[in-house]
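Here the structure comes first, spelled out in structure tokens, and everything after it is commentary.
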Amino acid sequence: MSRLIPSEIEPKWQAAWDEAGIFRAKRDPARPKYYVLEMFPYPSGRIHIGHVRNYTMGDVIARYKSSCGFSVLHPMGWDAFGMPAENAAMASGGHPKDWTYSNIADMRGQMKPLGLSIDWSREFATCDLEYYAQQQRMFIDMLEAGLIYRKNAVVNWDPVDMTVLANEQVENGRGWRSGALVERKELTQWFFKISDFSEELLEALDGLDNWPEKVRLMQANWIGKSRGLQFGFETVDAPDGFDRIEVYTTRPDTLMGASFLGISPDHPLARALEAENPDIAAFCAECRRMGTSEEELETAEKKGIDTGLTVRHPLDPSWELPIWIANFILMDYGTGAIFGSAGHDARDLEFARKYGLPVVPTFEPVETPEDFVPADAGGDVYLPPKSEKVRFIKGFAGEEIQTGDEAIAAAISFFEEKGLGTGVTKFRLRDWGLSRQRYWGCPIPVVHCESCGVVPEKRENLPVELPYDEDGKPIDFSVPGNPLDRHPSWRDVPCPACGKPAGRETDTMDTFVDSSWYFARFTAPHAETPTVAEEADYWMNVDQYIGGIEHAILHLLYSRFYARAMHLTGHLPAKCKEPFEALFTQGMVTHSIYRLDDQRIATGVQVIGTESDAELEEYTKTEATRINYLFPEEILEFSDEFGVKKALLRQVLERDGVDPSNSQALSEAWHREFDQRREVKIIPSAKMSKSKKNVVDPVDIVRKYGADTARWFVMSDSPPERDVEWTAAGAEAAFKHLGRVYRMAHDLREAGAPDGGAEDVALEKATHRAIADVTAGIEGFAFNTSIAKLYAFTNTIAKSQASAGAKAQAMRVMAQLLSPMTPHLAEEVWSLLGGAGLVARAAWPEADPAMLVEDTVILPIQINGKRRGEIEVAKEADKATVEALVLAHDAVVRALDGSQPKKLIVVPGRIANVVV
RNA sequence: GCGGGCGUGGUGGAAUGGUAGACACGCGAGACUUAAAAUCUUGUUUUCGCAAGAAAGUGUGGGUUCGAGUCCCACCGCCCGCACCA
């Protein structure tokens, strides 16, 4: 039988690898190590095709590096705490723990058939007591080291469910379950002092050479270093204790254009005024109903309220500015107070225009363009790059014409010399709030005691285990609020310091804490300390980290901080401060959405022919009712005679008895439907979403085609960093190709022919070319080009007239080159053609440079930069020879028409360009 | 709103500043077959042309260069992140 049957060969080779134990990571000081890690998944219960792509990329690297002689660590685990488990418990009963572990078992079962070279002996879940116990130990170490503290912070509060909401649980300002208006509420919470590391985290980005530039840039912007001026405005008739209002500004050079002083609704002055002024109280209350996300604050309409108070301008005491409370000023940034510079800040301008406040530009372009309209004459905000020279019309420090940067520096010096303020470097990066008022997370191991205050739990009392049940019954998640709050037998404990009755902290940790050190834990996953020095020293750092761009900022920045914190508390060596040597961010797997637009459903009547305007309007009104999303298996996709992709409901095909292989009949059926105002619209390359029904299940794919096909396809069609569109046709093509390779290997074994001859040499050269190209593709994270080369190499072997021996040799190399991508097929081909042992253990082939050089090259000839011909020249031909050949070329002779070329450029081995 | 990214045939994409469209899908033609599937051969950027060939062509408009998909500027469109989703 010469057909590839994945369901037979895949389990066979997986068992062989298991038996040989080849994916067990072994600390081997004699060999260089390589640690490849894909971002671990959340155990939702189903693996997603995006996971398949992510893990296949890691697997290609892991298998390749292993063949290159590295001792490879390639582990897998579960980011297992978090809200979905609690949501599930609330929605359909059950317990988050049971839900999570059952999901993990399911997902492991779905992943194993993919044939990933994972060391499963190192698997853990972050909700394992063994894991979070160590996290609690580190919490106490970090608390003692001054890396963790408590302060007040704002959260989204649902007054009906009596719970804190995540940003994603706030929909249009209302709680997603209760529908109640969300409030902003201050709670005392735990924080990591990541802001102490702002400068270091920013500077160290420069050393991350193997990180994508865009990720480093995003992190740099997130940390947001700025140089500005902090100074005070003296108030007029303000309540006691508010003689001065401190502001921080990055544009002190615009101070002479100040139009108002703005403070946050959470500013102490705003709070003081609230007590006596109901209008202000109402306004602040309204502001507090807004969400806490930056996005929401920035996109909300700018609103404010005049406090009636004023401040004196620091450079002109006779100039009084009104104090406004504004919804877009955050208490967390700077001092919670700004001065509005309406000419040079878009938000301030919008605000000033809305409330009729003055707009006073302080500088203008050096060379004013004709169409320039200053902001005070109704123009746009003028905000050129700070490196650009501008002309100051209301300056107070520095030259009249200077750059923004120079003007800012001059303004700061001016204030410092006069003793009015100080230059300050600030960072946008805020401290990392790690408290979550939820059940399903790592308990924060501290106790609140009336006499002693906040006391860390004693180390010998650790771990603080998350209670599974309450009074013998599983915890009930249908009751509003945090279950830990209403769990006396867990909460009530003696104070670790004085022994008096006290209560446990009921906040749990942000799941970002869990994922900020799991990579280190993989080096000693079951140790009784967070890490083991010699293991961490050998395996760390992660040589290649692979994951989604959505983690570019938070997860990766927190991990960089946490690695430093672990170093400071003795849990990681200094070399691990930057734990990820190289980072790769892969794209999504997308899939077409099929949407049935059925206007008959909308109108209830069958309309044929041209519709009237009134009817059209009716369709528009009822749009929502006539859109139906369809599963891919509900439709048949085909290309019409112009190659345009179309789709038909399978139901329709059955009803009309259309032959699906007859494209003419399909096209006719499509037009019949279209004339009936019914069309299946294809929306390509959409993010997979259950509600849009465009999700493909890896389990189905593996069942139908096998893991190798799934792996091959997700790597083949797009560059890894870009999105790839899953198509049934593409998967089919991948499957066919792998079948062809298998058949070629099989047929070779049965055939036989004498060796030798020029064809053998040509095939050998092609083999070395393939080795070089495929290797370059893997090294450069361009797996799609490696696969293109493998297709080409397959075609070359298939067409080659070389001997069977030479072809078998080429096919054995093919097996090796395939082994990172399609490991099962590779083993099968390898063993069919007499390869020794497992191909997974064979050393990676090396391309012989001597086999890569060609004797002659084709040199294209351009005339004025356009290709007009080509010549074949010897590889070593000197410039003069080439020039003579170029000038003798027909097209050149014709173009020159007897005259001399203006210029003749010859790039040896690349191109010749004649300028006439 | 702020920040980041991406735009190349009917489709996914390839291309150290040097032949635009590798490789694959789709489609067309042919072989094999009673037929279909499978497989194999072959063609396929567009326009004009029987052909040889010519012209145009990498979202739009400019610029740098002997030469631009690639570098620079402006614009348009789409996608992603925004601190309690993971």
Side-chain angles (χ1 to χ4, degrees), chain A residues 3 39-42 44 79 81-84 153 155-156 164-170 189 212 214-215 217-218 221-222 224 292-300 302 328 332 346-347 350 428-438 510-512 514-515 548-555 557-558 587-588 638-645 661 663 684-685 687 716-719 721-725 727 729-730 732-734 736-737 739-740 743 782 784-785 787-792 795 798 858-862 864-870 902-905 907 910-915:
Chain A
R3 205 159 64 84
M39 291 180 184
F40 66 164
Y42 181 80
S44 62
D79 190 10
F81 275 134
M83 293 204 316
V155 294
N156 296 309
V164 174
L165 298 179
N167 285 332
E168 66 157 18
Q169 295 175 318
V170 181
Q189 307 202 55
K214 62 178 170 182
V215 173
L217 193 62
M218 284 163 89
N221 288 333
W222 188 257
T292 57
S293 77
E294 184 177 333
E295 182 188 6
E296 205 170 331
L297 294 173
E298 292 269 341
T299 51
K302 309 293 172 278
F328 60 90
D332 293 333
R347 282 184 313 192
E350 185 186 336
R428 203 182 81 101
L429 181 64
R430 308 203 296 255
D431 276 333
W432 169 14
L434 71 108
S435 290
R436 295 292 180 271
Q437 294 71 34
R438 298 183 204 292
D510 177 10
T511 56
F512 274 125
D514 312 335
S515 57
I549 186 70
E550 66 272 22
H551 295 290
I553 298 174
L554 294 183
H555 163 60
L557 188 62
Y558 288 161
M588 286 187 300
F638 66 100
S639 298
D640 70 6
E641 61 270 35
F642 305 108
V644 178
K645 273 197 190 121
S661 61
S663 57
S685 307
K687 189 173 181 168
S716 67
D717 253 24
S718 291
E721 68 276 14
R722 234 189 280 177
D723 292 351
V724 63
E725 170 121 312
T727 63
E732 194 71 42
K736 279 185 195 171
H737 177 75
R740 183 183 182 211
R743 234 175 10 256
N784 56 324
T785 62
I787 286 186
K789 301 297 180 190
L790 285 166
Y791 270 114
N795 290 337
I858 304 290
L859 197 69
I861 297 173
Q862 293 183 331
N864 291 337
K866 283 277 173 194
R867 184 184 177 278
R868 287 293 181 266
E870 61 184 33
K902 280 204 192 118
K903 206 165 180 179
L904 178 58
I905 294 133
V907 183
R910 305 289 329 193
I911 204 161
N913 190 11
V914 187
V915 185

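Naming convention: chains lettered A, B, ... in sequence-line order (proteins, then strands); numbering from 1 in each chain.
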All N/O pairs under 3.5 Å across the protein-nucleotides 63-66 of chain B interface:
unit_1 : atom_1 : unit_2  : atom_2 : d
C66(B) : O2'    : N913(A) : ND2    : 3.3
C66(B) : O2     : N913(A) : ND2    : 2.6

**Asked** How far, in whole Å, is A68(B) from U64(B) if one measures between their P atoms?
**Response** 11 Å
**Request:** I would like to know whether Q189(A) and Q437(A) meet side-chain contact (heavy atoms from CB on, under 4.5 Å); could you show each step before the answer?
**Result:** CA-CA 10 Å; Q189(A) 307 202 55; Q437(A) 294 71 34; 3.3 Å; yes
**Request:** Starting at atom CD1 of I911(A), determine the distance to atom C1' of G17(B), rounded to an integer number of angstrom.
**Result:** 11 Å
**Complete:** Whether each nucleotide of nucleotides 38-45 of chain B has a protein heavy atom under 4.0 Å at its base (B), only at its sugar-phosphate (S) or at neither (-) is summarised, 5' to 3', as -SSSS---
**Request:** Dump the intermediate steps for side-chain contact (heavy atoms from CB on, under 4.5 Å) on E725(A) and D717(A), then the final yes or no.
**Result:** CA-CA 8 Å; E725(A) 170 121 312; D717(A) 253 24; over 6 Å; no
**Request:** Return yes when atom NZ of K789(A) has more than 12 non-hydrogen atoms of other residues, nucleotides or ligands closer than 6.0 Å, and no otherwise.
**Result:** no
**Span that lies between the P atom of A54(B) and that of A38(B), in whole angstrom** = 40 Å
**Request:** Please determine if a side-chain N or O atom of S718(A) lies less than 4.0 Å away from the OP1 or OP2 oxygen of G13(B).
**Result:** yes
**Fill in**
Here the distance between atom P of G1(B) and atom CG of N221(A), to the nearest Å, is 17 Å
**Item:** Those residues that, when tested against R910(A), pass salt bridge (charged side-chain N to carboxylate O under 4.0 Å, His left out) (two or more places apart)
**Value:** none
**Request:** Only counting residues at least two apart or in another chain, list the ones meeting side chain to side chain donor-acceptor pair (under 3.5 Å) with D431(A).
**Result:** Y149(A), S195(A)
**Message:** For D510(A), give me all partners under salt bridge (charged side-chain N to carboxylate O under 4.0 Å, His left out), at least two apart in sequence or on another chain.
**Reply:** R436(A)
**Message:** Is N784(A) close enough to C23(B) that one of its side-chain N or O atoms is under 4.0 Å from OP1 or OP2 there?
**Reply:** no
**Asked** Under a 4.5 Å cut-off applied to non-hydrogen side-chain atoms, are V724(A) and N784(A) in contact?
**Response** no
**Fill in**
By ring pair (Phe, Tyr, Trp, His ring centres under 6.0 Å), W222(A) pairs with (sequence neighbours left out) none
**Request:** Considering only atom P, compute the distance from U45(B) to G10(B) and round it to an integer number of Å.
**Result:** 10 Å
**Asked** Do the side chain of T511(A) and the main chain of D514(A) share a donor and acceptor less than 3.5 angstrom apart?
**Response** no
**Complete:** Sequence neighbours excluded, the answer for salt bridge (charged side-chain N to carboxylate O under 4.0 Å, His left out) partners of R347(A) is E298(A)
**Prompt:** Should I549(A) and K214(A) count as side-chain neighbours, where that means a heavy-atom distance under 4.5 Å?
**Reply:** yes
**Complete:** The ring pair (Phe, Tyr, Trp, His ring centres under 6.0 Å) partners of F40(A) (sequence neighbours excluded) come to Y518(A)
**Message:** Rounding to an integer number of Å, can you tell me how far R867(A) CZ sits from G53(B) C1'?
**Reply:** 13 Å
**Integer-rounded Å distance: G67(B) P and R910(A) CZ** = 18 Å
**Message:** Using whole Å, what does the distance between atom C1' of nucleotide A37(B) and atom CZ of R3(A) come to?
**Reply:** 12 Å
**Message:** As an exercise, state the distance from OG of S716(A) to NE2 of H737(A), rounded to the nearest 0.5 Å.
**Reply:** 10.0 Å
**Asked** Where does RNA chain B pair, written as one dot-bracket string 5' to 3', with Watson-Crick or G-U pairs under 3.5 Å, ( ) inside the strand, [ ] for crossing pairs and | for another strand?
**Response** (((((((..(((.....[....)))((((((.......))))))((((....))))..(((((..]....))))))))))))....
**Request:** Quickly work out the N795(A) CG to A22(B) P distance and round it to whole Å.
**Result:** 13 Å
**Message:** Please give the distance between the P atoms of A37(B) and G26(B) as a whole number of Å.
**Reply:** 13 Å
**Length of the line joining R722(A):CZ and G69(B):C1', which is rounded to integer Å** = 12 Å
**Message:** Work out how far the C1' atom of U34(B) is from that of G49(B), and round it to whole angstrom.
**Reply:** 42 Å
**Prompt:** Across the strands shown, which category fits A552(A) at heavy-atom distances under 4.0 angstrom: base, sugar-phosphate, nothing?
**Reply:** nothing
**Message:** Return whichever of V215(A) or T727(A) has its heavy-atom-nearest nucleotide of RNA chain B closer to the 5' end.
**Reply:** V215(A)
**Message:** Please enumerate all residues that pass salt bridge (charged side-chain N to carboxylate O under 4.0 Å, His left out) together with R722(A), with sequence neighbours excluded.
**Reply:** none
**Separation of the P atoms in G9(B) and U46(B), to the nearest angstrom** = 12 Å
**Item:** Atom pair distance, as rounded to whole Å: CG in L790(A) and P in A14(B)
**Value:** 16 Å
**Residues that R428(A) engages under side chain to side chain donor-acceptor pair (under 3.5 Å), provided they are two or more places apart** = E294(A)
**Prompt:** Between A15(B) and A22(B), how far is it from one P atom to the other, in whole Å?
**Reply:** 12 Å
**Prompt:** Which letters describe nucleotides 73-86 of chain B, given B = protein heavy atom under 4.0 Å from base, S = only from sugar-phosphate, - = neither?
**Reply:** --------SBBBSB
**Asked** Which label fits G12(B), syn or anti, where anti is any glycosidic angle not within 90° of 0?
**Response** anti
**Request:** Determine the Euclidean distance between corresponding C1' atoms of A20(B) and A56(B); express it in Å to zero decimal places.
**Result:** 13 Å
